[in-house]
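Note that ligands are numbered from 1 as they come in the structure, with each ligand's atoms numbered from 1 the same way. Worth knowing before you read on, the calculation uses all heavy atoms, side chains too, and leaves out hydrogens, waters and symmetry mates.
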Amino acid sequence: MICLGIESSCDETALALVEDGRLLDSVLATQEDAHVLFGGVVPELASREHYRCIGALCDVLVRRSGVSLHDVDVVAVSRGPGLLGSLLVGVAFAKGLACALGIPIIGVNHLHAHVLAVGLEQEIPFPALGLLVSGGHTHIYRVEGADNFMVLGRTLDDAAGEAFDKVAKVLGLPYPGGRLIDQLAARGTADPTLFPRPYTNNDSLDFSFSGLKTAVATYIAARPEMCAGVDALADPPQSLCDMCASFNRAVADTLRIKAQRALDKAHDIDIVVLAGGVAANTLIRRVMEDCMRVRGGRLLVPSPALCTDNAAMVAYAGWRLACLGYTHALDFAAVARGRPIPEDMQRISA
Ligand code: KG4
Ligand code: ZN
């Protein structure tokens, strides 16, 4: 079965083809250059860029892969959460294709697709704990299967990725700054006492990163020499690298503490799937790997290109759901960030 996946939830337009769980080909157009001037994603601009690129990208995918659209069995599309205008472009394009080709369509939960992405590289034994750490979300899930995610914890304010991007912005680094903080942190030594492990002194599985973000911003404000922006990247001062290492460590420790707590509560789970754009972070990967090794469990984490937004994960999630017999009626809605995703898939056959 061939599934065409479409991703347009934020500032990446992407399409991919997955056949029987294996990635055939994928294309991606990032809008980073368009938004960098504004220090963040401008929703109106993002929708226009998706609309400008999506058709041409689909042509490139078809030509390069040699797969005709008439060979596609099912279309999967990120239906949310995300920027509504951006989602509408991908969803409308997917619905048009499904109509024209006379094939089923599946609206995929973007966050679930992040967690399932690692299935393209290795088998996911269920039940597993999903630790989804992205630009807009930080969630802990109990995952029983592609169609069964239960939220155990979520961020009460900022997502971990937002904290990375905000700290980068205060330092004068371009958006999205998570990757740059990661690079600077790799050259520094963390002081584990410098910043708090926020919202860990309790029994909760929820997160709260806004206090950490403010603590780091206050620390930087007192040291304006750290804010040299991109010019600092070539030869960064040691104090900047050390500060980034301390901040990165605080985020990594917080994620580890919450994941350990969730595992302590779920006695039948010893697998953690780390996913989302922030899962590309070197230190977070290392801290979580060490944690799972010490516990005698296993960490599954996709290669970095599958962590950040991509369509391979959407095609893969769509393929798995199609294998379970799911489909959507053509009137399913795109869902903006902050709104619940309806349980409105139809099951034709198992
Ligand atoms: O999952 P994603 O691509 O988009 C959303 O669905 O939000 O995540 C994007 C986030 C951004 O905040 C970006 O700064 C962060 O992932 N990110 C990183 C790294 N690479 C991307 N954060 C820390 N370290 C990285 N290496
Ligand atoms: Zn994402």
Grouping ILVMFWY residues whenever side-chain heavy atoms fall under 4.5 Å, the cluster of Val42 otherwise contains Leu37, Phe38, Leu45
Return the residue, atom name and 0.1 Å-rounded distance of the protein heavy atom closest to [atom].
| atom | value |
| --- | --- |
| atom 3 (O) of ligand 1 | Asp309 N, 2.9 Å |
| atom 15 (C) of ligand 1 | Val278 CG2, 3.9 Å |
| atom 24 (N) of ligand 1 | Asn281 ND2, 3.0 Å |
| atom 13 (C) of ligand 1 | Asp165 OD1, 3.8 Å |

Quick check on Arg285: does its CZ atom have over 12 non-hydrogen neighbours (other residues, nucleotides or ligands) under 6.0 Å away? yes
Near Arg64 CZ, under 6.0 Å, is it more than 12 heavy atoms from other residues, nucleotides or ligands? yes
Taking the ring centre of each residue, are Phe247 and Phe164 less than 6.0 Å apart? yes
In terms of side-chain geometry, is the basic nitrogen of [X] or [Y] positioned less than 4.0 Å from the acidic oxygen of its partner?
| X | Y | value |
| --- | --- | --- |
| Glu49 | Arg52 | yes |
| Arg48 | Glu44 | yes |
| Asp264 | Arg295 | yes |
| Asp268 | Arg142 | yes |
| Arg249 | Asp253 | yes |

Is the closest heavy-atom distance from Cys10 to ligand 1 below 4.0 Å? no
His110 NE2 to Asp309 OD1 via the Zn ion (ligand 2), rounded to 10°, gives 100°
Between Gly177, Gly277, Gly178, which one has a non-hydrogen atom sitting closest to atom 21 (C) of ligand 1? Gly277
Please work out which of Ala113, Ala159, Gly135 has its closest non-hydrogen atom nearest to atom 8 (O) of ligand 1. Gly135
Heavy-atom contacts under 4.0 Å between Asp182 and ligand 1: side chain, backbone, both, or neither? side chain
If you measure from each non-hydrogen atom of Glu12 to ligand 1, which part falls under 4.0 Å: side chain, backbone, both or neither? neither
Evaluate the ring planes of His112 and Phe149, with Trp represented by its six-membered ring, and classify them as parallel (under 30°), tilted (30 to 60°) or perpendicular (over 60°). parallel
If I apply the N/O under 3.5 Å rule, does [X] come out as touching ligand 1?
| X | value |
| --- | --- |
| His114 | yes |
| Pro176 | no |
| Thr282 | no |

One finds that the ligand 1 atoms under 4.0 Å from a non-hydrogen atom of Gly136 are 7 (O)
If you count the atoms of ligand 1 from 1 in the order shown, which ones are under 4.0 Å from a heavy atom of Gly161? 12 (O)
Would you check if the Zn ion (ligand 2) lies under 2.8 Å from any N, O or S atom of His137? no
